[in-house]
Structures are given as structure tokens and as C-alpha cells.
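Counting from 1, the numbers follow the sequence of the chain as shown. Just so it is clear, the values below take in all heavy atoms, side chains as well, and ignore hydrogens, waters and symmetry mates. Small disclaimer: the values here were computed from a predicted structure and weren't measured. Order of appearance sets the numbers: ligands from 1, and atoms from 1 within every ligand.
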Amino acid sequence: MKEIIRKKMAASPVLRWTVLGLVSFTMLTGYVIADVMAPLKTLLEQQLGWDSSDYGLFTSGYGWLNIFLLMLIFGGMILDKKGVRYAGVLSVGLMIGGTLLKYWAITADLGGAVSSFSIGGHSLFSVKSQVLYATLGFAVFGVGVEMIGITANKAVVKWFRGRSLALALGINVAAGRIGTAIAMFGSLPLARMTGNPGAPLAVCLLLLCIGLLSFLVFCVLDRREDRETETLPGTEKEEEFKLSDIVKIAKIKAFWYITILCVLFYSAVFPFLKYATELMIQKFHVSPGFAGAIPALLPFGNILLTPLFGSIYDRRGHGATIMLIGSALLVCVYTLFAIPALTANWMAVVLVLVLGAALSLVPSAMWPSVTKIVPYRMLGTSYSMIFWIQNWGLAFVPLLIGVVLKNHCIAGTVVIDGVVSTRYDYTLPMLIFAGFGALSIVFALLLRREDARKGYGLEKPNDELQTNSTTKTQIP
Ligand SMILES: NCCCC[C@H](NC(=O)[C@@H](N)CC(=O)O)C(=O)O
């Protein structure tokens, strides 16, 4: 079966790359919406009367259902049980539903209504109804966008295994980064031009509908390919995903090493971005109008570098070593960020660019490496477990950094744009991020040792897998 799939797909490279384009475009449309409200914080406060805690609640909504109600894990199981087509359409449906609710909440006139929650007559908390509905919408969207992330991974693996897999997964990640860049640069100008904070969301909804169409075209191609494969002689029925497979995944040591490496690594990069603008202003004395542009360089570097490193992994191997180098770069970058005497603007730019290289190295090797550790039929659940644990880090590390800043890093006041603001010393937060990097190195080393013991082939070129299946995992 495995060989037949490979031969068929090898025969149609145009189809394979078309499939990658379709799935990646759908994911891109989701990733735009994930970040589209971030540049609008001030506008929401000015036009809708939100305050920072309203915005904080809204932003945190992204992870609620995924983390606390385990929706991400269920999403992964649905993906393994029902397949990429079903899971993909469901994901986009959830994204559209969630975004519609959010759009309605932001544009409807709710007359300043407040929703209160109480238990046994004791008031727990009150929140503006508009914020509550927008948050619920974002929570539903969060389930859909995380699910499309793992669905895209599995779809790409299905079509590309043994054929430039890491390059394809790298292009898929790059599509996500293009989505982030569009949101970062397009959202605020559009909202300002129209005078309506809901306008970027309306455009995104339209984009998402095109994303749905794109995914439906993928479904047609994927189904046709499945049917043709089924009719080939010697085709056996795929082994189905079982609930007990979760226990099997949990018993794989290398799976845990890669998961812990993932949460540590991503927790050291994405939460940093939430504070990076302020760091640029306060430590590197960049003007407030320009400060956001330096961290915004990060996704741009990734767009080129992630596919490039993926291609190196495909042709030359060294997957675990690539992750090790990416983790080591984190330590260098954050240690340099922590040094109080280094305050030159160019230094900040260089460090962000090196951070971008790290954020290209690790994902380019991490996502394809999972396919060498876990069998294909369990891949959706495995990715969802990794994403779930990663989401805990992404939700709570920014909080940790906020608490550390408030309690240990206040260093007087500073005047920014004529307003007296608290001055923070960012040394400790940067050392915390460097610590995450150091721990990532430990888990990358453990992963490399485990690979040497078990022979997963993480250091071998992915393209070799086409003819030389030395790993323990195979497409059923
Ligand atoms: N097919 C997508 C691969 C994952 C890309 C990865 N995204 C995540 O890990 C998300 N769970 C977290 C997020 O998007 O914030 C990435 O590198 O963006």
C-alpha cells in the first residue's frame, strides 16, 4: 500500500504541489484572523470603550476551549478517525462560525449591556456583553484554527511523505507566517481608513470563505486520489485509529522529548513577541512609532528560511541537530538581550533576525520529525497532543512574564510620547527566555540520543525514506 501510494503520487508532482497550495492557502486565511485584532487594541479602547482587561480577556479566549475542554485533543482524534477532508471542513466551519460571532459582537449595538455571573447569589464577575460574545467567538475560532493546523500537517504528510516532506511542511508553516504578516500590517490601516474596527474582520471573513472553497477543491482531489489508490491491486484496508492508540503514543519517549522541546521553544518565542515592542522602546530607545516594526521582521525571515531549512533536512538529514542549533540560538539571542550595556538599535535588529532563524530552524525539523516517531494513523492525535501542551505554554508564559515584570523589574519611570510610563528592566524576563532555550537544548540532546538508540532516522534525509524505509513508522 505504502509503495503504491508513493508511486502514484510520485507520478503527479503537479497535483501534489497544487494540493499543498490549496491546503496552505486555507491555513493562511485562518492565521490572518488569529492575529487580525492584535494591532487594533488601542482602536477598540478608543471606539468601543474597551479597557486593557477587556482586551486581555478577549485575547485569552483563543485557548479556552482548546486547553480546558480538551477540544484540541478531540480535534486530533476526529482527524485520525474521520480523515483530513472531514476534519478540514469542520475546522473551517468552526473558524467561520466563531468569526461571525466575533464580527457580530464587535459591530452590533449592544447598548453597553453587561453580563454578570453569580453562584448562589454571590456575584462572581461582570463583563461587557460585547466583550463576552467577542471572546466566545474567538474561542470557537481558536478550536478551528488549531485544528486546521494539525489537519494541514497530516494532509501534507499524506501527500508528500518521502518526497520533499520537510520542504512542503516548511512551505505550509511559511503560509501561516504570511497570514500573520498580512494581519500585522494590513489590519490597522484598514480599520483606520474605514473608521470601523470590524472592517478587517469582514475582509477576513470573505478571505476565509475563499479558504473554504480552496479546501473543498483539495477535498475533490484528495478523494479522487484515494479512490484511484483503492482500485489498485494489492491495496489493503488502512488500519483504523483506536482510542487505545493514545496510550501507545504516550509510551513513546521520543514523542515526549519533542513535545517538551516544542512547548519550551514556542514559549520562548511567541510570548516574547507580546513584550518585544516595549523592550525595543525601553531598552533600545527605539521611537514608539517604529518599535513594532523590529519584532515584525520575524515572520518575514521565516517565510523564506523555514522552507529552506526544510529542504536541507529533506536532502541532508540532521533533523535533531537542526532543532539543537535552533535551541542554542535562543540562548545566545536572549542572553545578549539580557545584557544591560547592549542598547544599540542595530543590535536589536540583528537579534530579532537571529531569533527568526531559530524560529525557522526548529519548526522546519520538528513537524516532519514527528512522522518518523509516530505511525501515520496516529499522527492527528499526536500533533494535537503536542499542540495542546504547547498551548498551555503560550497561554501562561506571557502571564508569568507579566507577573515577573510587575513584581521584580520596575526601575522607575520614563516619558514615552509625552506620557509618564513605568520603566521596566527586562534583564530577568530575557534570562527566563534564555532558560527556556537552555532547557530546549537539553531536550534536543535527549531526542538525539533516543534517536540513536531507537533508529527513528531523525538524522537521515527525509527523501531517503522513499526507497529506504529504515524507520519504524509507515503509512499503513
Ligand atoms: N500546519 C501548521 C504547522 C504548525 C505551525 C505552528 N503553529 C502552531 O504550533 C500553533 N499551535 C501555535 C500558533 O499558531 O500560535 C507555527 O509554527 O506557527
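Here the straight-line distance linking atom CZ of Phe436 with atom OG of Ser327 works out to 13.0 Å at 0.5 Å rounding.
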Which N or O atoms of ligand 1 sit under 3.5 Å from a protein N or O, and how far apart is each pair?
unit_1, atom_1, unit_2, atom_2, d
ligand 1, 1 (N), Gly149, O, 2.9
ligand 1, 1 (N), Asn153, OD1, 2.8
ligand 1, 1 (N), Asn172, OD1, 2.6
ligand 1, 7 (N), Tyr31, OH, 3.1
ligand 1, 9 (O), Gln390, OE1, 3.4
ligand 1, 9 (O), Gln390, NE2, 2.7
ligand 1, 11 (N), Glu146, OE1, 2.8
ligand 1, 11 (N), Glu146, OE2, 3.4
ligand 1, 11 (N), Gln390, OE1, 2.8
ligand 1, 14 (O), Tyr31, OH, 3.4
ligand 1, 17 (O), Arg177, NH2, 2.8
ligand 1, 17 (O), Tyr266, OH, 2.6
ligand 1, 18 (O), Arg177, NH1, 2.9

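For the pair Asp226 and Arg223, the salt-bridge criterion is not met [side-chain N within less than 4.0 Å of a carboxylate O]. Taking a cutoff of 4.0 Å between a charged side-chain nitrogen and a carboxylate oxygen, Lys372 and Asp451 do not qualify as a salt bridge.
Using modelled atom types and a 3.5 Å distance limit, the side chains of Ser369 and Tyr456 yield no donor-acceptor pair.
In this view, Lys154 and Asp80 satisfy the salt bridge (Lys or Arg N to Asp or Glu O under 4.0 Å) rule, not counting sequence neighbours.
Ring-plane geometry between Tyr257 and Phe443 is classed as tilted, the angle between the planes lying from 30 to 60 degrees on a 0 to 90 degree scale.
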